[in-house]
Amino acid sequence: MKIRSVIAVTLLVATAAAADDRSRFTASHVPAVRLKKGVVISNDSRSITAYRFFGNIRESLVSIRSTRTLSFRPFGSAVYTTSASAAAPQYLASAIAEASRTHGVDPRLVAAVARRESAWNSNAVSRTGACGIMQLMPETARYLGVKNVFDARENIFGGARYLRTLLDTFGGDLDLTLAAYNAGPGAVAKYRGIPPYRETQAYVAAVKATYQKQLAQ
């Protein structure tokens with residue numbers, strides 16, 4: 001697995017753009033990509049690349065490539081059942097439900113992650129600096145547009161959006177998504193699966209067990 005962080009800015013030329021402003025190049029002209037509020041994630045079975053666009057300029061943020069094909073194990077349509085009821089404290093239930101509908105994630109999955117991450121404590125801070133209900137790292141929170149990580153509702157919306165992004169990145173594979181949430185997507189790409197970290201392996205097993213228990217109810 002090779003991880004290449006590309007810091008150079010690549011200029012994309014759109015032939016018609018110079019002559020006609022109506023033909024100006026935009027991110028929407030790039031095929032086979034997903035748009036995520038200014039960040040474009042292009043991925044297939046062998047690579048994941050994230051870009052930002054500024055008019056005709058494309059900045060490659062990070063590109064992860066593999067000589068092998070990643071193994072995907074989609075969890076099933078239940079991951080996308082946004083109308084389900086989640087087992088969560090009453091004062092957080094509405095935020096989880098709304099965030100899940102907004103970002104297209106099963107609220108039972110959001111609740112399972114929140115329970116494991118912080119035990120519903122909006123003021124929780126981990127030894128590595130992760131904060132709030134969904135335990136967002138400061139850099140991740142900034143990327144997600146979360147201004148106050150200790151605001152429970154804002155933190156939940158950020159966590160749900162991050163789960164949606166990871167599900168998109170890893171083809172709906174719940175194991176890889178949860179592993180990436182805990183250890184980072186770079187670690188998942190490096191090991192072509194769940195990293196061999198005890199904490200991450202225990203995390204994936206615990207969240208899946210909670211989620212599956214709710215699915216059975």
Side-chain angles (χ1 to χ4, degrees), residues 70-100 103-141 144 146 149-150 152-217:
L70 286 172
S71 174
F72 295 100
R73 296 174 300 281
F75 196 73
S77 60
V79 175
Y80 309 102
T81 306
T82 59
S83 61
S85 297
Q90 186 173 2
Y91 72 100
L92 296 175
S94 62
I96 290 174
E98 188 177 348
S100 299
H103 296 294
V105 185
D106 191 322
R108 294 168 295 187
L109 178 60
V110 175
V113 170
R115 177 183 177 184
R116 177 68 180 186
E117 289 287 351
S118 66
W120 313 114
N121 181 3
S122 61
N123 295 313
V125 179
S126 75
R127 65 180 184 278
T128 59
C131 302
I133 294 286
M134 302 296 286
Q135 288 290 278
L136 302 176
M137 294 295 290
E139 184 177 355
T140 303
L144 296 168
V146 176
V149 291
F150 298 112
R153 187 175 187 279
E154 192 174 358
N155 193 287
I156 288 169
F157 266 76
R161 180 185 170 190
Y162 191 41
L163 281 170
R164 175 72 269 161
T165 301
L166 293 174
L167 284 165
D168 288 347
T169 299
F170 294 105
D173 188 309
L174 185 61
D175 286 357
L176 299 185
T177 293
L178 294 176
Y181 197 100
N182 178 262
V188 173
K190 176 181 178 180
Y191 290 103
R192 298 186 292 274
I194 301 175
Y197 311 147
R198 286 185 179 180
E199 177 187 341
T200 301
Q201 293 174 347
Y203 177 90
V204 172
V207 174
K208 282 185 64 178
T210 300
Y211 180 47
Q212 289 172 321
K213 183 178 180 180
Q214 292 190 67
L215 292 179
Q217 294 176 351

First locate atom [atom1] of [X], then atom [atom2] of [Y], and finally report the distance between them rounded to the nearest 0.5 Å.
| X | Y | atom1 | atom2 | value |
| --- | --- | --- | --- | --- |
| Met134 | Leu144 | CE | CG | 10.0 Å |
| Asn155 | Ser118 | CG | OG | 7.5 Å |
| Leu178 | Arg116 | CG | CZ | 11.0 Å |
| Ile133 | Ile156 | CD1 | CD1 | 5.5 Å |

task = Dump the intermediate steps for side-chain contact (heavy atoms from CB on, under 4.5 Å) on Leu109 and Leu174, then the final yes or no.
result = CA-CA 10 Å; Leu109 178 60; Leu174 185 61; 3.7 Å; yes
Write down the atom of [X], the atom of [Y], and the distance for their closest heavy-atom approach.
| X | Y | value |
| --- | --- | --- |
| Pro107 | Ala86 | O-CB, 3.4 Å |
| Ala87 | Ala111 | O-CB, 3.9 Å |
| Cys131 | Gly129 | SG-O, 3.2 Å |

By side-chain hydrogen bond (donor to acceptor under 3.5 Å, both in side chains) - contacts of [X] (at least two apart):
| X | value |
| --- | --- |
| Gln201 | none |
| Thr210 | none |
| Glu154 | none |
| Ser126 | Thr128 |

Hey, is the main chain of [Y] close enough, under 3.5 Å, to the side chain of [X] for a donor-acceptor pair?
| X | Y | value |
| --- | --- | --- |
| Gln135 | Ala124 | yes |
| Asp175 | Gly193 | no |
| Thr140 | Leu136 | no |

ask   = Do Arg127 and Glu199 sit within salt-bridge range, that is, some charged N less than 4.0 Å from a carboxylate O?
value = yes
Side-chain donor-acceptor pairs under 3.5 Å in residues 89-98, sequence neighbours left out?
from, atom 1, to, atom 2, distance (Å)
Tyr91, OH, Trp120, O, 3.2
Glu98, OE1, Arg153, NH2, 2.8
Glu98, OE2, Arg153, NH2, 2.8

message = Restricting to ring pair (Phe, Tyr, Trp, His ring centres under 6.0 Å), what partner residues turn up for Phe157, sequence neighbours left out?
response = none
Does the side chain of [X] reach to within under 4.5 Å of the side chain of [Y], using non-hydrogen atoms?
| X | Y | answer |
| --- | --- | --- |
| Thr169 | Pro185 | no |
| Ile194 | Thr200 | yes |
| Phe150 | Val125 | yes |

request  = Please step through side-chain contact (heavy atoms from CB on, under 4.5 Å) for the pair Val110 and His103, ending with a clear verdict.
outcome  = CA-CA 11 Å; Val110 175; His103 296 294; over 6 Å; no
request  = Assess whether side chain to side chain donor-acceptor pair (under 3.5 Å) is satisfied between Tyr211 and Asp106, documenting all intermediate values.
outcome  = CA-CA 10 Å; Tyr211 180 47; Asp106 191 322; 3.1 Å; yes
task = Evaluate side-chain contact (heavy atoms from CB on, under 4.5 Å) for Val207 paired with Tyr181, printing each intermediate quantity in order.
result = CA-CA 11 Å; Val207 174; Tyr181 197 100; over 6 Å; no
message = Quick one, Val146 with Tyr162, criterion side-chain contact (heavy atoms from CB on, under 4.5 Å). Give me CA distance, side-chain angles, the key distance, then yes/no.
response = CA-CA 11 Å; Val146 176; Tyr162 191 41; over 6 Å; no
